[in-house]
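Okay, structure first, notes after.
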Protein chains: 2
Amino acid sequence: MSVTYREVKADILRQITRGQLPPGSAMPNEVDLAASYGCARATVNRAMRELADDGIIERRRKAGTRVRQNPIRHVRMNIPIVGQEIEELGATYRYALVQCKAEPAPNWLRARMALKRDDRVLHLTCMHYADGAPYQHEDRWINLSALPDAEQHDFSDVGPNEWLVSTVPFTDAQISFHAVAADATIADYLDCTEGDALFQTERTTWLEGRTITFVQLTYRRGHRVTMQY
Amino acid sequence: MSVTYREVKADILRQITRGQLPPGSAMPNEVDLAASYGCARATVNRAMRELADDGIIERRRKAGTRVRQNPIRHVRMNIPIVGQEIEELGATYRYALVQCKAEPAPNWLRARMALKRDDRVLHLTCMHYADGAPYQHEDRWINLSALPDAEQHDFSDVGPNEWLVSTVPFTDAQISFHAVAADATIADYLDCTEGDALFQTERTTWLEGRTITFVQLTYRRGHRVTMQY
DNA sequence: GATCCCGAAAGATATAGACATAAAGCGTAA
DNA sequence: TTACGCTTTATGTCTATATCTTTCGGGATC
């Protein structure tokens, strides 16, 4: 095959990183580029489309393509299941169910999960261990109106996260990261000191507009989430 | 136009989310799908390729395409410039340079940035304010061997981040998120109590294999990073 | 039974050509 | 001057076809 879209993409990217195509500058149109690379327009199109997806260039019909003034820096972050995350560290994973109770949703949770007045939730507390040491504390609420099956299910052996991804895969979610000070309970579970700075993730999950679950994941001291771009 | 790749993608996704194509199941090949949708193979290919990029399905030559057993959940996270971040919150941004000094790199930093023995670095400390209140504390080291211009530049008015993205756009980076306890200095700058749990980001940036800069960004109490997927 | 090699299947990509769609910019009318 | 609408142009997408590449699985060989 003559010129591949990867070669075109790499070449354009090289010109941009070397400053031959400075930020803000306009690029030739697809027809001209195709001619100069000696390939089909579709080939150039794919290269340019990917560069646009990567946030390097900006494309607008009729206006043409230009190098972004401020390239969009973004990372693609995997959301792993905690068991896999631990085993990828080369450690042994252990799960324990701490508590599991169906109850009416407290007000703050009703607001968070957009629940109706009398919706009931299943409140689960779990611990995840890596090589026997506390790794993550999970505090989860499942909307029983959306997922009544959850009430019958036994979470002693398999964590709610794994059950959820097998029961309702392909959901939408909102995630947030922040830092919290360990309260007495969490300090106890995670084997740290009250007041320690801990990394916490919150996640709300929907399926077709209905809130399925809200979870707070608190990690052991020193936990880091790392990404490349 | 007859059948678009978006329609094909949406239709396949619908079948998957509705359970008509359960996780692990094999899908027809592109030729057959194209025939059943009454469109060209390239159209189906694009739909399937995007689903594969989204982590919904898994494709292998000869083996065919199947729905992923555990769909890969990932988010795409923007890495904003702090000034933009603050202005998008509807607040007024203010920047202040606290300290700027060229010095030999301490050992821990040499290791982090993969510096040579006698490389010098520019050490900057800055503060970023939102509506007058402390928002972010920036502790940055710039590799002067890679970017000698930095030593001459005046960072009193424009933050080093903005200068860097305009001077060396299109770099590679590694980011990590974690929680730290505020020490006396940081507590002072961020107007919080010593020991408070704070969200911190670390970022190392490379250009063509050379480390350009390492930065620690510590956010005010309660800061959250939020993402959708 | 284990290993290597080869054919075939399916996805990955290139091409040429056509039509669709958005929007920039100009010309005209109010 | 402003507002509206048309033309033009660049990107967006579809089609039909061909070739390339990876890899599964079977058959020959050791």
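Proteins come first, then strands; the chains are lettered A, B, ... in the order of their sequence lines, and each starts at number 1.
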task = Would you kindly give the CD1-to-P distance between A:I57 and D:dA10, to the nearest whole Å?
result = 15 Å
query = Closer than 4.0 Å, any side-chain N/O of A:T43 to the OP1 or OP2 of C:dT13?
reply = no
inquiry  = With a 3.5 Å cut-off and heavy atoms only, can you find an N or O donor on one side and an acceptor on the other between the side chain of A:R41 and the base of D:dG12?
reply    = yes
inquiry  = Whether B:R46 contacts D:dC14 is assessed here as follows: a side-chain N or O lying under 4.0 Å from the phosphate OP1 or OP2. Is that the case?
reply    = no
Candidate nucleotides D:dT15, D:dT11, C:dG7, ranked by approach to the side chain of B:K62 - the nearest = C:dG7
request  = Please tell me if the side chains of B:E50 and B:R6 come closer than 4.5 Å, counting only heavy atoms from C-beta onward.
outcome  = no
message = Rounding to an integer number of Å, can you tell me how far A:M48 CE sits from D:dT11 C1'?
response = 9 Å
ask   = Quick one: B:E50 CD to C:dT13 P, roughly how many Å, whole number?
value = 13 Å
message = D:dT11, OP1 or OP2 - any side-chain N/O from A:T65 closer than 4.0 Å?
response = yes
key: D:dT11 base / A:R59 side chain donor-acceptor hit below 3.5 Å   = no
request  = Kindly say whether the aromatic ring centers of A:F177 and B:F177 come within a distance under 6.0 Å.
outcome  = yes
inquiry  = Just to verify, which of B:R61, B:R46, B:R41 counts as forming a salt bridge (charged side-chain N to carboxylate O under 4.0 Å, His left out) with B:E30?
reply    = B:R41
ask   = Between D:dT11, C:dT13, D:dC24, which one does the side chain of B:N45 approach most closely?
value = C:dT13
key: Distance flag, aromatic centroids of A:H128 and A:Y135, threshold under 6.0 Å   = no
query = Less than 4.0 Å between a side-chain N and a carboxylate O, is that true for A:R18 and B:E208?
reply = no
inquiry  = I need the CG-C1' distance between A:L51 and D:dT11, as an integer number of Å.
reply    = 15 Å
task = Choose from C:dG11, C:dA14, D:dT15 the nucleotide whose nearest atom is closest to any side-chain atom of A:T4.
result = C:dA14
ask   = Taking OH from B:Y5 and C1' from C:dT13, how many angstroms apart are they, rounded to a whole number?
value = 17 Å
query = Over how many whole Å does the gap from B:N29 atom CG to C:dA12 atom P extend?
reply = 12 Å
task = Report the nucleotide, chosen from C:dT15, C:dG7, D:dC14, that has the shortest atom-to-atom distance to any side-chain atom of A:A40.
result = C:dT15
task = Whole angstrom is fine here: how far is it from CD in B:E30 over to P in D:dA18?
result = 17 Å
key: Phosphate OP1/OP2 of C:dA10 contacted by B:R60 side-chain N/O (<4.0 Å)   = no
query = Is there a donor and acceptor pair closer than 3.5 Å between the side chain of B:R61 and the base of D:dT21?
reply = yes
remark   = When rounded to whole Å, the CZ to C1' distance for the pair A:R66 and C:dA24 reads 12 Å
